[in-house]
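Worksheet: the structure to be examined is printed underneath.
Every chain is numbered from 1 and lettered A, B, ... according to where its sequence line falls, protein lines coming before strand lines.
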Amino acid sequence: MTRRGRQQRFCMNIFYQYEEVIAEIISGLKSRGALAEDLDAGGFSVEPPREDGHGDITSNVALVLAKRAKMAPRDLAGLLVPELTARDDIQAAEIAGPGFINMTLSPGVWQNIVTVILREGEDYGRKPKGSVPVNVEYVSANPTGPMHVGHCRGAVFGDALASLLESQGGDITREYYINDAGAQVDALARSAYLRYREALGEDIGEIPAGLYPGDYLKPVGADLAKIHGAALLDRDEAEWLPVVREAAIAAMMADIKSDLAAVNIRHDVFFSERSLGDGEGSRIEHAIEELRTRGFVYEGHLEPPKGKLPDDWEDREQLLFRSTEFGDDGDRALRKSDGSHTYFAADIAYHLDKYSRGFEKMIDVWGADHSGYIKRVKAAVAALTDQKAELDVKICQLVRLFRAGEPVKMSKRAGDFVTLRELVDEVGADPVRFMMLYRKNDAPLDFDFVKVTEKSRDNPVFYVQYAHARAHSVFRNMNEIFSDMDVAGDEVAMADLSVLDDPGELDILKRLAQYPGMLEGAAKAHEPHRLAFYLYELAADLHSQWNRGKESPQLRFIREDDRDLTAARMALVSGTAEILASGLKILGVTAPEEMR
RNA sequence: GGCCCCGUAGCUCAGUUGGAUAGAGCAUCAGAUUCCUAAUCUGAGGGUCAGAGGUUCGAAUCCUCUCGGGGUCACCA
């Protein structure tokens, strides 16, 4: 981390503040000749200790610099410790293990966290909006039917990731790629056409294999009948198909947007694959030309696929992208045997379009079945942008549905898959969103309809929301006793916090201090689940302290006999509620003020 | 067969990008209710981080191999 980088950061993160303290001590030692003037002092960190008993904050500075300074780590630490302990804000600093420096801070440092949170409010831990545009593409479900639970996880993940990046200063565009070209939407159009004839009174019998049998196309057929009457009946398919297709896609996209709205997801840009065109002069041809000028396109033969050979495999010469140049396993076809472009070719053009719109950072969120597709798209982005753009592809693994421990059977062919809408209608948006995020994206996830609505510690959604509600319950009860004390007012904000010295209170304070660094790390790693886990831990800290007040009445947040102490504790509880609400907001989950 | 993901307590999972004696919840056992919401909390037991090598001050984490589970594998979208 450069010096400039440190200064540009908000100084809310106390771990960075102490990195700075150590950096200053090192330059002091240099100027006094205790350390070499040209010693590179970068690369160390100050972090919360992993275990109790290792102080409040810990640094690996001596371990990181030892080799460069040609000193034993513990000796180097020995130079730093006296300087650290000389400070008022550091109660103790000791050398531990191979050369860690464990510091115990004076309680005032922690108590001050609350003052900062109450001042910054929702901005605590956030960074001001920066100028780096980031494109997050997620959902991108085919417009051939309603959203089902398989889409849901990626949708929630992408949305929360976008919000998380936004909280760290990203200039985020949320984007949906509509696969409205190709055979699937033609099949959709033919299915809708059948429903159209049905709406005009014809008995259409069974929906043929290869078409979409779901009832959800019936309204589309009815609308077509209303608008066109019998006018489309006696035409050739070439005439009615574009008309029906457009109507069907529009209807499906309207359904999808409304399904997404049910889980509070919205996109800034809906990008149509069809708009990329086809054939001469299209953006797809342009993208292929861009690759060709860079020497990554050639006519050639592909190796037969490994494993069992498809029945209709034929060796042929075709237009290929040299993706092996960028680490892919094989070169990839750009044109099909009928001369039209492949889906991949369209995707290349799409990503080139993103780049030309100014996005040098792109994130795609895909389902698990697309993992084999990552390398070729990354290869294409690298090739087209001369490696200037970075694309991160996040894969969301499958969601397995359970009901009270029993697997929920689904058959997509029979059309009885569980839709996103059914899921949300039954359990609500909050549990859906939180549970989809309470797991790493690349691990499979079990979702139990019954468990997620349980009111118990076993259900993390409830547990976190309850902590927030409990805080507000405390405020209400406080006003029963001190009717003129305003939790949001100056008396609380300016309260003397030095009385917050109970170990349980300090635990909460230390957890609050971790919030900015946790957010930054989660955003950098593109891992919103870290925030969900953090909120669970913060909720546990608050519940825990609340309960200590049962055994030890002097620890209760509300102390009828001590107005000043009550004000200080209101500040603590208020700061905690603020962070719970702020974090939940990033995850897109509500923070209720009471549970019922 | 190739590629990708996963393998951590009986179960479900974290592990802050290489840090110290590996952590939560559930389940089990023992406790807390005149009391700010017991919808919660306190404590105990439970581990060869799948296995074997390697890299270094230091590995659950990085590299190689083996075993086991899942996904995927010309032209579809």
Side-chain angles (χ1 to χ4, degrees), chain A residues 45 47-51 53-54 58 60 63 66-67 72-73 96-100 102 140 142 144 179 181-185 273 301-310 312-316 318 328-330 332-333 335-338 340 342-344 346-347 367-375 395 397-398 438-440 442-446 451 454-460 462-463 466-467 469-470 473-478 480-481 514 517-518 520-522 524-525 527 529-530 533-534 536-537 540 543-551 553 556-560 566 569 573 594-595:
Chain A
S45 65
E47 291 177 354
R50 297 210 165 186
E51 287 176 56
H54 291 159
T58 182
N60 61 358
L63 291 158
K67 193 173 272 183
F100 291 100
N102 295 335
S140 300
N142 292 339
T144 54
N179 299 137
Q184 286 194 5
V185 284
E273 179 188 355
H301 293 256
L302 280 182
E303 296 278 314
K306 302 284 199 290
K308 63 178 177 200
L309 207 59
D312 54 350
W313 162 259
E314 51 173 318
D315 186 37
R316 66 181 182 89
Q318 55 193 333
D328 198 3
D329 317 313
R332 303 294 173 178
R335 260 198 267 282
K336 298 186 240 177
S337 47
D338 67 0
S340 64
T342 59
Y343 178 81
F344 176 51
D347 229 345
D369 52 341
H370 285 64
S371 58
Y373 198 71
I374 298 174
K375 281 185 180 176
I395 291 293
Q397 289 291 338
L398 300 174
Y438 197 66
R439 188 112 317 173
K440 270 185 308 208
D442 50 11
L445 181 151
D446 292 347
K451 198 171 258 186
E454 260 173 26
K455 299 183 171 181
S456 72
R457 177 159 195 170
D458 197 19
N459 176 8
F462 167 77
Y463 188 74
Y466 179 43
R470 175 170 262 178
S473 165
V474 167
F475 302 152
R476 288 189 292 270
N477 286 312
M478 182 277 290
E480 297 283 308
I481 293 156
Q514 289 174 19
M518 179 282 305
E520 184 182 87
K524 201 171 284 179
E527 290 183 351
H529 77 275
R530 290 193 201 177
F533 279 92
Y534 170 86
Y536 185 85
E537 286 164 0
H543 285 310
S544 184
Q545 188 63 12
W546 192 95
N547 274 276
R548 280 188 200 105
K550 291 188 167 299
E551 296 229 337
R556 288 184 198 166
F557 297 133
I558 303 166
R559 290 288 305 273
E560 287 188 48
T566 300
R569 289 181 176 167
V573 176
E594 56 183 324
M595 307 296 281

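For the C1' atom pair drawn from B:U21 and B:G58, the interatomic distance equals 14 Å after rounding to whole Å. Across the P atoms, B:U28 and B:G68 are found 35 Å apart, a figure rounded to whole Å. Rounded to whole Å, the C1' atom of B:G46 lies 14 Å from the corresponding atom of B:G25. B:A9 sits 6 Å from B:G47 when the C1' atoms are compared, rounded to a whole Å. Nucleotides B:U8 and B:A24 are separated by 13 Å at their C1' atoms, to the nearest Å. B:U37 and B:C29 have their C1' atoms separated by 28 Å, given to the nearest Å. Nucleotides B:G23 and B:G19, compared at atom C1', are 15 Å apart to the nearest Å. B:U61 sits 12 Å from B:U16 when the P atoms are compared, rounded to a whole Å.
Atom CG in A:Asn60 sits about 12 Å away from atom C1' in B:A20, given to the nearest Å. When the C1' atom of B:U37 is taken as reference, atom CD of A:Gln545 falls 17 Å away, rounded to whole Å. The distance between atom CZ of A:Phe344 and atom P of B:C75, rounded to the nearest whole Å, is 10 Å. Rounded to whole Å, the distance from CG on A:Asp315 to C1' on B:C75 is 13 Å. Rounded to whole angstrom, the span from the OH atom of A:Tyr343 across to the C1' atom of B:C76 amounts to 11 Å. Nucleotide B:C76 holds its C1' atom 14 Å from the CD atom of A:Gln318, rounded to whole Å. Rounded to an integer number of Å, the gap from A:Lys451 NZ to B:C11 C1' is 9 Å. Atoms CZ (A:Arg530) and P (B:U16) sit 7 Å apart, rounded to a whole Å.
Using a 4.0 Å heavy-atom distance criterion, A:Phe100 is classed as a base contact. Residue-level contact check: A:Gly549 touches the bases, meaning some heavy atom is under 4.0 Å from a base atom. Within the nucleic acid shown, A:Ala525 comes within 4.0 Å of at least one base atom, counting heavy atoms only. Among the protein residues, A:Ala183 comes within range of the sugar-phosphate backbone only, with heavy atoms under 4.0 Å from sugar or phosphate atoms but none that close to a base. Among the protein residues, A:Tyr536 comes within range of the sugar-phosphate backbone only, with heavy atoms under 4.0 Å from sugar or phosphate atoms but none that close to a base. Using a 4.0 Å heavy-atom distance criterion, A:Ser473 is classed as a base contact. At the heavy-atom level, A:Met518 lies nowhere under 4.0 Å from the strands shown. Here A:Gln514 lies out of heavy-atom contact (under 4.0 Å) with every strand. A:Asn102 comes within contact range of at least one nucleobase, with a heavy-atom separation under 4.0 Å. A:Arg316 comes within 4.0 angstrom of nothing in the nucleic acid, heavy atoms only.
One can find a donor-acceptor pair under 3.5 Å joining the base of B:A20 and the side-chain atoms of A:Thr58. On a pure distance criterion of 3.5 Å, no polar donor-acceptor pair joins the side chain of A:Asn547 and the base of B:A32.
If you check the side chains of A:Asp338 and A:Ser340, you find a donor sitting under 3.5 Å from an acceptor. Defined by atom type and a distance below 3.5 Å, a donor-acceptor pair is missing between the side-chain atoms of A:Tyr466 and A:Arg457.
The shortest side-chain heavy-atom distance between A:Asn179 and A:Asn142 falls under the 4.5 Å cut-off. With a 4.5 Å cut-off on side-chain heavy atoms, A:Tyr463 and A:His543 count as touching. With contacts defined as side-chain heavy-atom distances shorter than 4.5 Å, the pair A:Glu594/A:Arg476 qualifies. Here the side chains of A:Phe100 and A:Asn60 are in contact, with some heavy-atom distance below 4.5 Å.
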Treat primed atoms plus P, OP1 and OP2 as sugar-phosphate and everything else as base, then score nucleotides 54-63 of chain B 5' to 3': B for base contact with protein heavy atoms under 4.0 Å, S for sugar-phosphate contact only, - for none. ---S--B---
Take nucleotides 4-10 of chain B nucleotide by nucleotide from the 5' end and write B, S or -, depending on whether a protein heavy atom sits under 4.0 Å from the base, only from the sugar-phosphate, or from neither. SSS----
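The nearest heavy atom of RNA chain B to A:Glu594 and to A:Asp458 marks one nucleotide each, and the one closer to the 5' end goes with A:Asp458. Residue whose closest nucleotide on RNA chain B sits further toward the 5' end, between A:Leu302 and A:Ile558: A:Ile558.
Closest heavy-atom contact between A:Ile481 and A:Glu560: CD1-CG, 3.6 Å. Contact record, A:Pro98 with A:Pro73: O-CB, 3.4 Å, taken as the closest heavy-atom pair. Here the closest non-hydrogen pair linking A:Arg316 and A:Ser337 is NH2-N, 3.2 Å. When all heavy atoms of A:Val185 and A:Ala181 are compared, the pair lying nearest together is CG2-C, 3.7 Å.
Not one side-chain nitrogen or oxygen of A:Arg470 sits closer than 4.0 Å to the OP1 or OP2 atom of B:U37. Between A:Tyr373 and B:C76, a side-chain N or O to OP1/OP2 separation shorter than 4.0 Å is absent. One finds a side-chain N or O of A:Lys550 lying less than 4.0 angstrom from the OP1 or OP2 phosphate oxygen of B:A38. Side-chain N/O atoms of A:His370 include none lying less than 4.0 angstrom from OP1 or OP2 on B:C3.
For A:Phe533, counting side-chain heavy atoms from C-beta on, the closest listed nucleotide (B:A39, B:A14, B:G25) is B:A14. Comparing atom distances between the A:Lys336 side chain and each of B:C76, B:U40, B:U12 picks out B:C76 as nearest.
In this structure a side-chain-to-backbone donor-acceptor pair under 3.5 Å is missing from A:Asn459 to A:Lys455. Using modelled atom types, no side-chain atom of A:Thr58 and backbone atom of A:Glu47 make a donor-acceptor pair closer than 3.5 Å.
Glycosidic conformation at B:U28 (O4'-C1'-N9-C4 for purines, O4'-C1'-N1-C2 for pyrimidines): anti, more than 90° from 0.
Within 6.0 Å of atom CD in A:Glu551, 12 or fewer heavy atoms from other residues, nucleotides or ligands are found, so the atom counts as exposed in its surroundings.
Exactly one residue among A:Gln397, A:Arg439, A:Lys440 makes a side chain to side chain contact (heavy atoms under 4.5 Å, CB included) with A:Leu445. That residue is A:Arg439.
For the atom pair CG of A:Asp369 and CG of A:Leu398, the computed distance is 8.0 Å after rounding to the nearest 0.5 Å.
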Which string of ( ) [ ] | and . matches RNA chain B, if you list each base 5' to 3' and count Watson-Crick or G-U pairs only when both distances are under 3.5 Å? (((((((..((((.....[...)))).(((((.......))))).....(((((..]....))))))))))))....
